[in-house]
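The sequence lines fix the lettering, A, B, ..., with proteins before strands; numbering per chain opens at 1.
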Amino acid sequence: MFFNSLDFAVFLPVVFILYWFVTQRHLKLQNALLVAASYVFYGWWDWRFLSLIIFSSIVDYLIGIELNKEGRQSKRKGLLWISILVNLGFLGFFKYYNFFVDNFVEAFSFFGSKIQPNTLDIILPVGISFYTFQTLSYTIDVYKRKLEPTQDFVSFLAFVSFFPQLVAGPIERATNLLPQFYKTRTFHYSKAIDGCRQILWGLFKKVVIADQCAIYANLIFNNSSDYSGSTLVMGAIFFTFQIYGDFSGYSDIAIGTSRLFGFDLKQNFAFPYFSRDIAEFWRRWHISLSTWFRDYLYIPLGGSRGGILMKIRNTFIIFIVSGFWHGANWTFIVWGLLNALYFMPLLLTKNNRNNIEIVAVNKLLPSLKDCIAMLVTFSITVFAWIFFRAESITHAISYIRNIFSSTFLEIPIVRPTYLIVFLFLFMCIEWLGRKNKHALETLLLKKGKIIKWGFYIILIICIWMLSGEEQEFIYFQF
Amino acid sequence: MRHFLLQIILFATIFFIIDKAFYFFIDRAPNREHDKRLEYVLEGKINKDIIIIGSSRGARSISAEKLEHETKLKTYNLSYIASNIQFQEFVLKTLLKYNKAPKKLILVIDGVPEFEPIGNLYYRIDKLLPLKKYTYIHDELINKGEKNILSKIFCIGRISISDFKLQPKKASVLEKTSLHGSQLLPVETKPNLKYNKEIIEYDSSNENQEKLEAFRKIQHLCKVNDIELYYAFPPNYYSFSNSFYNRFLKLVNDQTKIIVYDTLDNRYKEKKYFRDESHLNKLGAEIFTSEISDFINQNKE
């Protein structure tokens, strides 16, 4: 089920009413309702893959309990490895099997041996990368004794499958989300209203920004050899906003929806396109994934504790793995590698923690220095997105080569005025709300109801008017 | 909770009221169009004796004015450029719903692309979108998945950005529609046009079943409404595909109603009568139209 579908527009109020009016007095029943609703939500796409989530949940639930009982370190380690192998096994099979087979075949053919490729026609289960990481974090935290394993099976099922964030994150930690299932939730008017605002902003990002940018990004990327360098730059910029609108829009809807049910999820995007360096960008982009890799990969590998060489090695590893997490294609790996390269000068000069605060705190406009820094960071990010969007490395290289041709200074052929106006207004609103968890959190709150509601109505009109066919969220595929 | 629900209901009510103001844009959307033919159909203004239906080959290759003059039967051309057979069936169904049934229908056949699954012929949603104020058309847009069911209640669900434009659309030379609905092409030939002698072999195993179904529905609509159905094959600047023609004969009950251009007429080998490989220009259309009127006159009861 997509958040931007009619099905969800019916599903959400039904679950909301059942949750607050029918099951409110019984916590277990309320959690059971959330599990059932989550399975309906997921099964709407393909009910057969529910078995994967259920299996994964049972395995990690039982391993969690065993880890707590078991005192011997070797046995505990074995249990942890079972969980890792089961979860990453599913992920590896569904997401990476064909990639590895194809690459083996190509590698062998390079040395003259011909092997018949034995690839499979596999459907990638929606959201597998997200819920796999979520359950893994639970087992690892229990193993490290950072978290008491849950005895409440229903709460655990609800934690793994919680529908707002099931298919595209944020990737929640058991330490944050699981305890919320143990406590009775109370309805807070201000939380619910803010949740609605965040859902509205998320829908705007998805339907107005991402889906409209997608039209032009697809047009330009799919016919890149036909366009001038300047038009190709426009294509890369449109994709930059598409991926941000799509993914952060989904996160906003997920967080907003959770708030309607009395849950608090972690912020996943913190206005990353206002970053002044790439380190800041990565602290603000897909925060739940970046921190997951930091806590479960970077730090166990030694993090920054060793010498400079270890730091460099670990940084490259997490960026490359992060790229590979996005998809089974060399383009994602190069995208990760490129970001690692961007990061290196900051790491080597120990400037990677310079910009912790959001830009221009307590000021309306940024300084010239901040402006230049933001522009440079944005430009290198746009450049890296070319690899992310391209069909193959060859496509990305030819795209970049065509950008830096004699047609670079021509007026772009594709320049939809309405979209450029929307992007400008969008960035203005994001700028005004950059200190908050989402752009509409405090915007116009002190104004009268007429202005505030008028603004929300304008947003709804834009969303509805521009919503053509329901477009799948990009991050569903990851 | 009560306060929250009241606020949501109040907001939804205000939104519902404001939404109705957008009907203005829906109502004036048809006024911007230069091709009014479908709107005339919906308003019951197309009560003619002969109706021509097809794609661009129907719009360009038959002059409805000349046909009317030569047959003394009121004629109108409802062919839409780049339309597929499913759209043509929809046009006929709409015509019969809102107008008197014609005596004769000329269905212009595209040849090999007629039943191909993928090609350059489409269901012309863009021709329906400006007419969404008509419930019948709006329902069709919902059927086609272009609009969702909520657009039945909310005006905002029906409009698109282009509806906010105020200036009427301008028709290019190629889009100009005559009073009788034809869209004849100026006498101008593509400079590199060469007669293509290659004979295309038709593969019926590749046919799209939905297109075949639409074709059968046209036949059925004509039968139940007592309309004489003629099938017209206009000339191309390439060889006639006998294999398609043989396949087509199997789909037709009355083979005496098939009008194939005179393949022996050498004028159809001269490029001055063509605009491009698949379309006659105005001069060529006059020759082919005369062939059709001769055929109809000879078959008059």
Open item on the list: With a 4.5 Å cut-off on side-chain heavy atoms, are A:Y189 and B:Q7 touching?
Closed with: yes
Open item on the list: Could you check whether any side-chain heavy atom of B:F15 comes within less than 4.5 Å of a side-chain heavy atom of A:I461, counting everything from C-beta outward?
Closed with: yes
Open item on the list: Need one label for A:C196: side chain, backbone, both or neither, based on atoms under 4.5 Å from any heavy atom in chain B.
Closed with: side chain
Open item on the list: Once rounded to the nearest 0.5 Å, what's the spacing between atom CE of A:M465 and atom SG of B:C155?
Closed with: 13.5 Å
Open item on the list: Heavy-atom count check: over 12 atoms from other residues, nucleotides or ligands less than 6.0 Å from A:K28 NZ?
Closed with: no
TODO: Check whether any side-chain heavy atom of A:I460 lies under 4.5 Å from a side-chain heavy atom of B:F11, and answer yes or no.
DONE: yes
Task: Heavy atoms from other residues, nucleotides or ligands near CZ of A:F424 exceed 12 (cutoff 6.0 Å) - done: no
Open item on the list: Once rounded to the nearest 0.5 Å, what's the spacing between atom OG of A:S467 and atom CG of B:N148?
Closed with: 6.5 Å
Task: Gap separating the CH2 atom of A:W20 from the CG atom of B:L5, nearest 0.5 angstrom - done: 11.5 Å
Open item on the list: Taking OH in B:Y40 as the centre, count heavy atoms belonging to other residues, nucleotides or ligands within less than 6.0 Å. Is the count above 12?
Closed with: no
- [ ] Mark yes when over 12 heavy atoms from residues, nucleotides or ligands other than B:H220 sit less than 6.0 Å from its NE2; otherwise mark no.
- [x] no
Open item on the list: With a sphere of 6.0 Å drawn around CG of A:D264, does it hold more than 12 non-hydrogen atoms of other residues, nucleotides or ligands?
Closed with: yes
Task: Exceeds 12 heavy-atom contacts within 6.0 angstrom, atom NZ of B:K20 - done: yes
Task: Side chain, backbone, both or neither of B:I156 within contact of chain A (heavy atoms, under 4.5 Å) - done: both
Task: Heavy-atom contact with chain A under 4.5 Å, split by part of B:F164 - done: side chain
- [ ] Would you give the length of the straight line joining atom CD1 of B:I14 to atom CD1 of A:I457, rounded to the nearest 0.5 angstrom?
- [x] 6.0 Å
Task: Other residues, nucleotides, ligands: >12 heavy atoms within 6.0 Å of A:I450 CD1 - done: no
Open item on the list: If you count heavy atoms of other groups shown closer than 6.0 angstrom to CD of B:E43, is the number above 12?
Closed with: yes
Open item on the list: So A:L260 and B:F4, do their side chains get closer than 4.5 Å, heavy atoms only?
Closed with: yes
- [ ] Find the distance between CG (B:D19) and CH2 (A:W464) and round it off to the nearest 0.5 Å.
- [x] 7.0 Å
